[in-house]
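In this chain, residues are counted from 1 in sequence order. Keep in mind that what you see is a predicted model, and the values were worked out from it rather than measured. In what follows, every heavy atom counts, from backbone to side chain, and hydrogens, waters and symmetry copies are set aside.
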Amino acid sequence: MSKIHAAITAVNGYVPDYVLTNTELETMVDTSDEWITSRTGIKERRILKGEGLGTSDMAVHAVNGLLKKRGIDASEIELIIFCTTTPDFTFPATANVLADKIGAKNAWGYDLQAACSGFIFGLATGASFVESGRHKKVLVVGGDKMSSIINYEDRTTCIIFGDGCGCALLEPNEEGLGIQDSILRTDGAGRDFLGMKGGGSVQPATHESIDAKLHYAHQEGRTVFKFAVTNMADVAAEIMERNNLTPDDVAWLVPHQANKRIIDATANRMGVTTDKVMINIERYGNTTNGTIPLCLWEWEGQLKKGDNIVLAAFGGGFTWGSIYLKWAYDTE
């Protein structure tokens with residue numbers, strides 16, 4: 001009997017309508033379009049506007065589109081892994097909220113929190129359920145409403161992040177296609193440099209914590225940049241080496257969209273030319289868990305069955321990782 005791999009069989013994405021440009025940010029904080037573009041590669045990002053709307057509402061758009069593409073009903077989904085840093089609530093899990101909203105009556109699910117590496121961690125986790133034979137349809141969602149935890153008076157973070165959501169369906173494959181390998185890493189010593197200090201059990205919400213702005217994302221940019229450049233590039237190169245892949249073998253690099261300079265460093269370390277790198281950071285900024293699935297969604301039409309694809313990410317925690325997969329289908 002041939003080995004079962006977990007293959008992506010459909011992808012989809014959603015970004016909100018409102019566009020927050022660098023020009024608008026110039027009126028909010030001490031920054032400039034030139035400064036933001038030269039340091040991050042970002043020109044604009046999307047923001048979810050509307051009373052009572054959360055991360056699950058973006059996911060509903062993305063997932064319903066995926067179901068339609070794949071020609072399946074929500075009741076066929078067996079497991080939902082929702083990778084997010086901005087859940088609708090502390091509990092219940094946003095995966096459960098999403099299941100209810102889309103009518104996934106037969107699915108169980110949970111949220112996965114690994115900051116910007118979440119979608120890669122989620123894919124690797126979902127693949128295990130498929131490879132074991134336990135489930136045949138696993139939905140992995142990556143999405144964030146980062147605007148809900150961003151201080152728009154803090155120019156170190158507000159220029160970077162945006163809102164968006166993407167998703168992928170994992171199903172069994174016996175042709176040798178799908179996820180081939182993954183390398184996943186964490187280092188909790190990085191928690192002081194990128195995270196949110198308020199809102200958890202260590203620092204519940206108080207008047208003092210709110211006044212001190214502890215419920216917003218905090219980043220020490222220089223330290224994070226240094227760690228990200230090294231670790232994201234190293235893990236992508238490592239997965240190539242472990243699977244005997246040359247730069248010519250790699251059809252696409254799908255990097256987490258944190259910063260154009262980090263993306264370039266990863267591609268250079270792999271020896272992959274820029275025409276093989278998916279980059280949409282200039283339009284969406286860093287959507288945290290949304291970046292990689294949004295890239296797959298936008299480039300889906302260019303992907304060919306059998307393509308060797310490397311995913312790479314780095315996030316708060318610190319977390320980082322890479323996945324090597326063989327694309328499983330041609331888009332008609």
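- The shortest side-chain heavy-atom distance between P247 and M240 falls under the 4.5 Å cut-off.
- Counting only N and O atoms by type, the side chains of D144 and T84 include a donor and acceptor under 3.5 Å apart.
- For the atom pair T206 OG1 and D211 CG, the distance stands at 8.0 Å (nearest 0.5 Å).
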Practice problem: Check step by step if side-chain contact (heavy atoms from CB on, under 4.5 Å) holds for I210 and H215. | Solution: CA-CA 6 Å; I210 292 168; H215 299 268; 3.8 Å; yes

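- Atom CZ of R242 has more than 12 neighbouring heavy atoms from other residues, nucleotides or ligands inside a 6.0 Å radius.
- A distance of 7.5 Å separates CH2 in W299 from CD1 in I279, rounded to the nearest 0.5 Å.
- Side-chain contact between Y152 and S147 is present, with at least one heavy-atom pair separated by less than 4.5 Å.
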Show, in sequence, the C-alpha distance, side-chain angles and deciding distance for T125 and Y110, and conclude whether the side-chain contact (heavy atoms from CB on, under 4.5 Å) test is met. CA-CA 12 Å; T125 306; Y110 58 90; 3.1 Å; yes

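- N289 contributes atom CG, which lies 10.5 Å from atom CZ of F121 (distance to the nearest 0.5 angstrom).
- Of all the heavy atoms in I72 and L169, the pair that sits closest is CD1-CD2, 3.8 Å.
- Annotation: the span from R70 atom CZ to Y329 atom OH amounts to 8.5 Å, rounded to 0.5 Å.
- Distance check: K305 NZ to W327 CH2 gives 13.0 Å after rounding to the nearest 0.5 Å.
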- Can you list the steps and then say if F91 with D111 is a side-chain contact (heavy atoms from CB on, under 4.5 Å)? CA-CA 10 Å; F91 74 94; D111 292 356; over 6 Å; no

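- The distance from atom SG of C83 to atom CG of L112, rounded to the nearest 0.5 Å, is 5.0 Å.
- Tested against Y284 for a side chain to side chain donor-acceptor pair (under 3.5 Å), the candidates E298, E44, K43 yield a single pass: E298.
- N106 contributes a side-chain N or O that, together with a main-chain N or O of S75, makes up a donor-acceptor pair within less than 3.5 Å.
- Around NZ of K136, the count of heavy atoms belonging to other residues, nucleotides or ligands within 6.0 Å does not exceed 12.
- Side-chain atoms of H256 and S117 form no donor-acceptor pair, as typed in the model, at a separation below 3.5 Å.
- The backbone N or O of E282 lies less than 3.5 Å from no partner atom in the side chain of K260, so there is not a single donor-acceptor pair.
- Under a 3.5 Å cut-off, the side chain of S322 and the backbone N or O of L311 do form a donor-acceptor pair.
- Residues V60 and I102 form a side-chain contact, since some pair of their non-hydrogen atoms from C-beta on lies under 4.5 Å apart.
- Electrostatic pairing of D57 and K101 counts as a salt bridge here, judged by a charged N lying under 4.0 Å from a carboxylate O.
- Within the 4.5 Å cutoff, side-chain heavy atoms of C167 are placed close to those of L139.
- Side-chain contact check for L67 versus I77: some heavy-atom pair is nearer than 4.5 Å.
- Between R185 and E238, at least one side-chain N (NZ, or NE/NH1/NH2) sits under 4.0 Å from a carboxylate O, which counts as a salt bridge.
- Under the side-chain contact (heavy atoms from CB on, under 4.5 Å) rule, N22 has a single partner from T40, D33, I159, which is D33.
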For a side-chain contact (heavy atoms from CB on, under 4.5 Å) check, start with the C-alpha distance between N259 and F225, then their side-chain angles and the critical distance, and finish with the verdict. CA-CA 9 Å; N259 180 300; F225 179 82; 4.1 Å; yes

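- Residues F82 and D88 fail the side-chain proximity criterion, which asks for heavy atoms closer than 4.5 Å.
- Side-chain atoms of N12 do not come within 3.5 Å of backbone N or O of V63 as any donor-acceptor pair.
- In this structure, P293 and G142 approach most closely via the heavy-atom pair CG-O, 4.0 Å.
- Between R45 and D163 no salt bridge is recorded (no basic side-chain N to carboxylate O distance below 4.0 Å).
- Looking at T246 and D248, their side chains never bring a donor and an acceptor atom within 3.5 Å of each other.
- Ring centers of F129 and W108: under 6.0 Å apart, within the cut-off.
- Of the possible polar contacts, one joining the Q257 side chain to the M278 backbone as a donor-acceptor pair under 3.5 Å is found.
- Side-chain contact check for R46 versus L20: every heavy-atom pair is 4.5 Å or farther apart.
- When atom types are taken as modelled, the side chain of R155 and the backbone of D30 share a donor-acceptor pair closer than 3.5 angstrom.
- Between the N243 side chain and the L245 main chain, no donor and acceptor come within less than 3.5 Å of each other.
- Checked for salt-bridge contact, K137 and E78 miss the test: no charged N lies under 4.0 Å from a carboxylate O.
- D234 and T230 form no side-chain donor-acceptor contact under 3.5 Å, judged by distance and modelled atom types alone.
- A donor-acceptor pair is defined here as one N or O able to donate and one able to accept, closer than 3.5 Å; no such pair exists between the side chain of N308 and the backbone of Y324.
- Looking at F318 and F193, their side chains come closer than 4.5 Å, going by heavy atoms from C-beta outward.
- At distances below 3.5 Å, not a single donor-acceptor pair connects side-chain atoms of T291 with backbone N or O atoms of T287.
- Put simply, the side chain of K213 never gets that close to the backbone of N151: no donor and acceptor are under 3.5 Å apart.
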